Number of protein chains: 2
Amino acid sequence: MAKKPAPVPLLQLDNQLCFAVYSTGHAFNRVYKPLLDRLKLTYPQYLAMLVLWEQDNVPVKDIGERLFLDSGTLTPLLKRLEAAGLIKRTRSIEDERQMLIALTAQGQALREKAKAVPQGILAASACTVGEMAAMKNELVALRDRLNAALGD
Amino acid sequence: MAKKPAPVPLLQLDNQLCFAVYSTGHAFNRVYKPLLDRLKLTYPQYLAMLVLWEQDNVPVKDIGERLFLDSGTLTPLLKRLEAAGLIKRTRSIEDERQMLIALTAQGQALREKAKAVPQGILAASACTVGEMAAMKNELVALRDRLNAALGD
DNA sequence: CTCATTATAATTGCGCACAATTAGATTGTG
DNA sequence: CACAATCTAATTGTGCGCAATTATAATGAG
């Protein structure tokens, strides 16, 4: 017989928004790779640095909330950034449970080199700042709905 | 002094399309997790099964092209699917370099249970099929532009 | 036919991601 | 105060994701 199963549109890979998000994320990573190699950072490390360049000397928890990552991911990542001399990890005096993450002078200085990165991404994306912003807003709204659905 | 550095809008996390894609991907994963646990599949394994449900008995290379993944990722993943009894890996007779991946009866049967997954995702996304399709098309177009930029 | 070139998977090593657990600090309640 | 409940990180184990290398097979030029 070898009867072919009836196609189920929702099960088809190319119909899935989720796979579009997944594969676009990988494509972004590949574009970022050569740009971040110059900074000797991986993409998740770059994200952590973005957080710290906005607000320095913050607990791991805050970085985690900002990036939607937990200590299982962040602890080893931050240890690598510390080994690279970009940050300093110190335990908070007021609350000894907290590990405070602060930029070193070298970590602050790296921000200057990082300014070149977004330009490269924008060029590879081949869309206007306005288009990117619109898409970003749609995705953030979707992300928030997905995260809200988890709390049920 | 402790002079605060001037904000650079393009370096701000919440302005970045890329982070929106990255974090939305993680949010999707968290929503998929409980649905896929019932099938005993991880999300990348589910993607491989989607490919095989569309076309059975294909070489690893084809699955890789479809999912944008290489053998370093797929070989161990497929070995786990084989260990779970869902697929069979056999070397091609015509071209002995190729490893052909075919569904077992159990792998084919799993498709029925998988039909429930997209409904759950649609519900958690809280948007219409039309909105999802529009967003998917924008992302795929972006992905293709990013991938094209790599070939330069 | 021979030998370099190319193609397909597998392997190795490193860095995420995340669930589950553990350790230690803090808070809240009686 | 005592002590349970909560909070913050760290740790452990599994599974991607990818670069680099290796092994084997197929192809193509001379």
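Below, chain A is the first sequence line, B the second, and so on; all start at residue 1. Remember, it's a predicted structure, so these values are computed and weren't measured experimentally.
- Residues of residues 40-50 of chain A that place a heavy atom closer than 4.0 Å to DNA chain C, in numerical order, are A:Thr42, A:Pro44, A:Gln45.
- The side chain to side chain donor-acceptor pair (under 3.5 Å) search around B:Lys33 returns B:Asp37, not counting sequence neighbours.
- Rounded to the nearest 0.5 Å, atoms CG (B:Asp14) and CG (A:Leu50) are 10.0 Å apart.
- Atom OG1 of A:Thr73 and atom CG of A:Leu77 lie 8.0 Å apart (nearest 0.5 Å).
- Evaluation of the side chain to side chain donor-acceptor pair (under 3.5 Å) test over residues 17-27 of chain A, restricted to residues two or more places apart or in two chains, returns A:Ser23-B:Arg143.
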Show each protein N/O and nucleotides 4-14 of chain D N/O combination with a separation under 3.5 Å, one pair to a line.
from: D:dC7; atom 1: O4'; to: A:Arg97; atom 2: NH1; distance (Å): 3.4
from: D:dC7; atom 1: O2; to: A:Arg97; atom 2: NH1; distance (Å): 3.2
from: D:dA9; atom 1: OP1; to: A:Val60; atom 2: N; distance (Å): 3.1
from: D:dA9; atom 1: OP1; to: A:Met99; atom 2: N; distance (Å): 3.4
from: D:dA9; atom 1: OP2; to: A:Lys61; atom 2: N; distance (Å): 2.8
from: D:dA10; atom 1: OP1; to: A:Arg89; atom 2: NH1; distance (Å): 3.0
from: D:dA10; atom 1: OP2; to: A:Thr75; atom 2: OG1; distance (Å): 2.7
from: D:dA10; atom 1: N7; to: A:Ser71; atom 2: OG; distance (Å): 2.7
from: D:dT11; atom 1: OP2; to: A:Lys79; atom 2: NZ; distance (Å): 2.7

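- Partners of B:Asp95 according to the salt bridge (charged side-chain N to carboxylate O under 4.0 Å, His left out) rule, which considers only residues two or more places apart in sequence or in another chain, are B:Arg97.
- Protein atom CG of B:Leu77 is 15 Å distant from nucleotide atom P of C:dT11, rounded to whole Å.
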Got a list of protein N/O to nucleotides 1-5 of chain C N/O distances below 3.5 Å?
none

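- Of all non-hydrogen atoms in A:Ile87 and A:Leu78, the two that sit nearest each other are CD1-O, 3.3 Å.
- Of the residues in residues 17-29 of chain B, not one places a heavy atom less than 4.0 Å from an atom of DNA chain D.
- If you take CD1 of A:Ile63 and P of C:dA17, they are 15 Å apart, rounded to a whole angstrom.
- Remark: A:Glu96 pairs with no residue by the salt bridge (charged side-chain N to carboxylate O under 4.0 Å, His left out) rule, at least two apart or across chains.
- Considering only residues two or more places apart in sequence or on other chains, A:Tyr46 meets the ring pair (Phe, Tyr, Trp, His ring centres under 6.0 Å) condition with A:Tyr32.
- Regarding A:Asp70, its CG atom lies at a distance of 13 Å from the P atom of C:dC16, rounded to whole Å.
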For residues 116-125 of chain B, tabulate all N or O donor-acceptor pairs below 3.5 Å that involve a side-chain atom, not counting sequence neighbours.
from: B:Ser125; atom 1: OG; to: B:Ile121; atom 2: O; distance (Å): 2.8

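- A distance-only check finds no donor-acceptor pair linking the side chain of B:Trp53 to the backbone of A:Leu11 [under 3.5 Å].
- The main-chain N or O of A:Leu10 is found under 3.5 Å from a side-chain atom of A:Gln16 such that the two form a donor-acceptor pair.
- As a whole-Å value, the separation of B:Lys33 NZ from D:dC16 C1' is 14 Å.
- Note: CG (B:Leu81) to C1' (D:dC16) measures 13 Å, nearest angstrom.
- Remark: A:Lys79 engages no residue in a side chain to side chain donor-acceptor pair (under 3.5 Å) (not counting sequence neighbours).
- Among residues two or more places apart in sequence or in another chain, the salt bridge (charged side-chain N to carboxylate O under 4.0 Å, His left out) test is passed with A:Glu82 by A:Arg89.
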